[in-house]
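Chain identifiers are assigned alphabetically (A, B, ...) following the order of the sequence lines, protein sequences preceding nucleic acid strands; residue numbering begins at 1 within each chain.
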Number of protein chains: 2
Amino acid sequence: MGNDDEDAGQAAQPKRKDARRNKETLLDAAASVFVTSGVEAPVRDIAAKASVGLGTIYRHFPTRADLIVAVYRHQVDACAEAGPALLASSETPHAALGQWINLFVDFLVTKHGLAAVLQSDNAGFDTLHAYFLDRLVPVCAQLLEAAADAGEIRSGLKAYELMRGVGNLCIGAESDPDYDARRLVELLIAGLRQPQR
Amino acid sequence: MGNDDEDAGQAAQPKRKDARRNKETLLDAAASVFVTSGVEAPVRDIAAKASVGLGTIYRHFPTRADLIVAVYRHQVDACAEAGPALLASSETPHAALGQWINLFVDFLVTKHGLAAVLQSDNAGFDTLHAYFLDRLVPVCAQLLEAAADAGEIRSGLKAYELMRGVGNLCIGAESDPDYDARRLVELLIAGLRQPQR
DNA sequence: CAACGATACGGAACCATGTTCCGCTTTGGC
DNA sequence: GCCAAAGCGGAACATGGTTCCGTATCGTTG
């Protein structure tokens with residue numbers, strides 16, 4: 001860890017500089033295509049955008065999922081790191097949890113189609129699944145535990161479940177003006193509160 | 001309406017008896033394949049199971065979504081009809097709402113992959129979308145309104161949103177033992193309650 | 001009951017996508 | 001400048017939805 005790469009099964013930094021350059025180009029192209037066409041954009045589109053062959057994509061990113069992880073890694077990391085910070089700076093653990101979940105929801109809703117792909121149980125998206133969960137579940141668990149210890153929420157809900165639930169609620173939120181994922185997530189978090197104390 | 005067909009854009013009953021027979025065979029085969037391989041099973045598998053050509057499937061059901069609708073229509077209808085009944089027989093509107101949502105969740109969780117396909121924004125699944133929403137949203141709206149009138153829940157949440165949220169929460173629930181959609185939906189419904197009165 | 005038009009059938013073919021493979025090109029150390 | 005290694009492009013393959021059309025079947029009519 002600390003190499004700017006290699007953290008989640010990504011291929012290590014290539015040796016040849018053209019390869020390194022191509023990888024950057026690809027990351028940029030992918031990010032750009034994801035913004036305009038969504039995360040489910042065809043690999044060919046990304047290759048075209050980067051003026052690169054398909055082989056090149058697949059050498060750098062063994063799978064579509066790896067590419068997605070690479071593009072969003074920084075933001076996921078940022079979200080993960082925000083957890084402890086919020087816990088430290090918030091009035092109550094429950095408040096921190098709420099704010100952190102909001103961060104996560106904003107992230108998901110902002111990336112066209114990410115939430116959907118995140119739940120896809122198609123083999124090949126394991127990397128994606130794994131990265132998000134490895135990175136975020138522990139943070140969520142910490143927040144949840146703090147809130148539970150403070151007696152603010154019912155206990156017994158695993159962090160994993162909450163993350164999945166929230167992720168699920170975000171599916172399709174960006175393409176349907178009549179569906180407000182944020183509100184539903186708020187309701188969910190509200191339902192998590194201890195009935196009264 | 002009342003013809004046992006034609007209610008949701010399905011092709012009307014074919015004239016020739018072999019055609020009619022094939023349609024039944026197909027429905028049975030599809031139902032059976034859906035149970036074992038999930039709703040996302042390839043059309044070809046269903047054709048094979050029914051010992052029928054691909055053309056036959058597509059003549060009877062213009063799209064995969066139409067086939068799915070046809071297979072589950074009765075159950076969706078039953079769910080829709082249970083709404084008013086529950087409202088009449090339950091202590092409070094909120095209880096009725098809770099029970100009705102449970103019915104819906106059980107239905108979704110039981111049908112491998114249905115929840116996922118229900119949210120798919122791929123063109124071609126409009127029929128599916130439309131049928132579920134047309135049938136269930138009004139019922140949900142009625143329950144919601146009754147509960148709101150009774151002052152049991154916060155108002156302002158549209159039935160459509162609730163249905164989508166619940167549907168979303170059910171995605172992947174059947175293939176992941178660590179994810180309990182029912183509990184999360186309960187939490188959501190709990191969050192819907194009026195804070196206190 | 002044979003003929004015939006309408007209806008339905010089967011499945012090859014087409015399109016889109018993810019992924020693999022391999023002959024050719026570029027790079028970088030000598 | 002030369003060469004092996006590293007990398008590249010994109011044709012080809014697999015899968016899955018959907019379309020098309022030549023052929024088979026049905027049922028009506030003479």
Report task. Indicate yes or no: at least one non-hydrogen side-chain atom of B/Lys158 is less than 4.5 angstrom from one of B/Leu144. Result -> no
Query raised in the report: Counting just side-chain N and O atoms, does A/Asn22 come under 4.0 Å of either OP1 or OP2 of D/dC8?
Result: yes
Query - Any B/Arg64 side-chain nitrogen or oxygen under 4.0 Å from OP1 or OP2 of D/dG17 - result: yes
Report summary line: Footprint ends on DNA chain C, 5' to 3', for atoms under 4.0 angstrom from a heavy atom of chain B, come out as C/dA6 to C/dA13
Requested in this report: Please check the phosphate of D/dT19 (OP1 and OP2 only) for any side-chain N or O of B/Tyr58 closer than 4.0 Å.
Outcome: no
Report summary line: Residue pair B/Ala123/B/Lys15 against DNA chain D: nearer the 5' end by closest nucleotide is B/Ala123
Query raised in the report: What integer distance in Å separates B/Asn122:CG from D/dG16:P?
Result: 15 Å
Query raised in the report: To the nearest 0.5 Å, what is the distance between CG (A/Leu162) and CG (B/Leu184)?
Result: 7.0 Å
Report task. Could you identify which residues of residues 43-51 of chain B place a heavy atom less than 4.0 Å from some atom of DNA chain C, listed by residue number, or say none? Result -> B/Arg44, B/Ser51
Report summary line: To the nearest angstrom, the CZ-P distance between A/Arg59 and D/dG10 comes to 13 Å
Report task. Would you indicate whether the side-chain heavy atoms of B/Ile101 and B/Leu188 approach each other to under 4.5 Å? Result -> no
Report summary line: Of D/dA11, D/dA6, D/dC8, the nucleotide closest to the side chain of A/Leu54 is D/dA11
Query raised in the report: Hey, does the side chain of B/Lys17 come within less than 4.0 Å of D/dC26's phosphate (OP1/OP2), counting only N and O?
Result: no
Query raised in the report: Are A/Asp77 and A/Tyr131 close enough that a side-chain donor and a side-chain acceptor fall under 3.5 Å?
Result: yes
Query raised in the report: Looking at side-chain heavy atoms only, is the closest gap between A/Leu169 and A/Tyr179 below 4.5 Å?
Result: yes
Query raised in the report: Does some side-chain heavy atom of B/Arg135 sit less than 4.5 Å from a side-chain heavy atom of B/Arg73?
Result: no
Requested in this report: Rounded off to whole Å, could you give me the CG-to-P distance for the B/Asp18 and D/dC26 pair?
Outcome: 6 Å
Query raised in the report: Under a 4.0 Å N-O cut-off, is there an ion pair linking A/Arg182 with A/Asp106?
Result: yes
Report summary line: Closest to the 5' end of DNA chain D, once B/Gly124 and A/Thr56 are matched to their nearest nucleotides, is A/Thr56
Query raised in the report: Can A/Asp176 and B/Arg164 be counted as an ion pair, charged N to O under 4.0 angstrom?
Result: yes
Query raised in the report: With A/Pro84, which residues qualify under side-chain contact (heavy atoms from CB on, under 4.5 Å), at least two apart?
Result: A/Val139, A/Gln142
**Report entry** Distance in angstrom units between B/Asp66 CG and D/dT18 C1', rounded
**Finding:** 13 Å
